[in-house]
Amino acid sequence: MALDKTGIAKRIAQELRDGWYVNLGIGIPTLVANYIPEGIDVEFQSENGILGMGPFPFEGEEDPDLINAGKQTITVRNGASFFDSATSFAMIRGQHVQLTVLGAMEVSQNGDIANWKIPGKMVKGMGGAMDLVASAENIIVAMMHSNKAGESKILKACTLPLTGVGCVKKVVTELAVLEIKDGKFHLIERAPGVSVEEIISKTEGDLVVPDVVPEMQL
Amino acid sequence: MNKVVKDVEQALEGIQDGMTLMVGGFGLCGIPENSIAHLVKMGVKNLTCISNNAGVDDFGLGLLLQAKQVKKMISSYVGENDEFERQMLSGELEVELIPQGSLAERCRAGGAGIPAFFTPAGYGTEVAEGKEVRVFNGKPHILEAALTADYAIVKAWKGDTEGNLVFKATARNFNPMMAMAGKITIAEVEELVPAGSLDPNFIHTPGIFVQRIFQGDSFEKRIEQRTVRSKN
């Protein structure tokens, strides 16, 4: 069965490594913080100016001056720090953050990503996404395999305005874990109960399928 | 040097139609809400506003948009404001969207005497159109110009009579860089204290960057996305 958002977040959480500083985007990526593997110490950075983000506050303890980049009220962990936006992006551009997880509308087989604009329809802006994808060494995209009309979002070439070029290395969807290398998608894992055929049929981009595709262990 | 002005009216004196304003804050966090309310009252028009976001429909910079006082917005993310999106898609409002890190650094550069800098952010996207590209360490970068403003309006938690500022938590965001980049910088603070009562070791923005400071009458500090967990 295809994963729900929580399932995608759980699978991405398995990519976390001890000692990493991690930036989580808005939406599914935010959920990753709930599934940090046992025995691993990671610190979450939010580009509006905090390192050491903690869980959401208890009701009644919200602080309007303490939010994440999704404008949600948050708390801090011991050892947290606050800083201005220029310092925050120095951390990001300067590659002091080891992993970036973000959402996307489209991803292409050469690692391009589009997630900020649908011409004539929706313009929300790129926020910090362009800075993040241009600099992060390790980018995981959390997204759905197809759009609401059933069209694949895993493409040969993006159709929407780009956020970054040749930067995405790994994609986790409700159906599969894909790696991007040598200008192709590579099927690494499938969601429990999801067939390789379904993944192939829902992937527009070139997909390399090995003989054996293991199921995700969640 | 005493930077204190009596009230918001005196603080915003001199702001005129057609000027460029930097307005601090991220979402509704750390915005100079007393000053924004007064700009609506002043009715100044054709403003160019440099601010990471555009507020929500009925708070923050959204108030200036509702009153059609803004000619152009320079921001990185405007997703929370329907009126903004309407004005932008209909062409009433000129909008320049720039990557958040580039926006922060362009303000910092403006205040620091750096006319332009190269960044990898936006290379290969429409943000790079018309901008010089240069390769450093095998990677393409685009040239981004510094930003300055006629007035920068920032919000701090505490400030002293010399204009030294301390911000609280993530309400710091763009405020320190914008304070540096304003020809005249106005600081709206929750608590104005005498010089000497803030520890010089913990000043975030030194008073040299601030020309006028005042204590805001009241702060609503609206929360955009109240997110909580239950105690059990």
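Each chain gets a letter, A, B and so on, in the order its sequence line appears, and its residues count up from 1.
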**Prompt:** At a heavy-atom separation under 4.5 Å, does B/E96 approach chain A through its side chain, its backbone, both, or neither?
**Reply:** neither
**Message:** Could you report the tightest heavy-atom contact between B/L97 and A/W116, atom names first, then the distance?
**Reply:** CD1-CZ3, 3.9 Å
**Prompt:** Looking only at atom types and distance, does a side-chain atom of A/T73 sit under 3.5 Å from a main-chain N or O of B/T227, one as donor and one as acceptor?
**Reply:** yes
**Under 4.5 Å from a heavy atom of chain A, the part of B/N53 involved** = side chain
**Asked** Under 3.5 Å, is there a donor-acceptor pair between the side chain of B/K139 and the main chain of A/A134?
**Response** yes
**Item:** Spatial distance of atom CZ (B/F26) from atom NZ (A/K71) [nearest 0.5 Å]
**Value:** 4.5 Å
**B/R229, part contacting chain A, at a heavy-atom distance under 4.5 Å** = both
**Asked** Are the side chain of B/T170 and the backbone N or O of A/I67 linked by a donor-acceptor pair below 3.5 Å?
**Response** yes
**Prompt:** Would you find a donor on one side and an acceptor on the other, under 3.5 Å apart, between the side chain of A/S85 and the backbone of B/N173?
**Reply:** yes
**Asked** Looking only at heavy atoms, which two atoms of B/S102 and A/D131 are closest? And how far apart?
**Response** N-OD1, 3.2 Å
**Request:** Side chain from CB out, backbone as N, CA, C, O: work out which of these in B/L103 comes under 4.5 Å of a heavy atom of chain A, or both, or neither.
**Result:** neither
**Item:** Minimum side-chain heavy-atom gap B/Q100-A/E47 below 4.5 Å
**Value:** yes
**Request:** With a 4.5 angstrom heavy-atom cut-off, could you sort out which part of B/V127 is near chain A: side chain, backbone, both or neither?
**Result:** side chain
**Fill in**
So CD of A/Q72 and CZ of B/R226: to nearest 0.5 Å the spacing works out to 13.0 Å
**Message:** Counting heavy-atom pairs closer than 4.5 Å to chain B, which one of A/G49, A/A129, A/P57 comes out on top?
**Reply:** A/P57
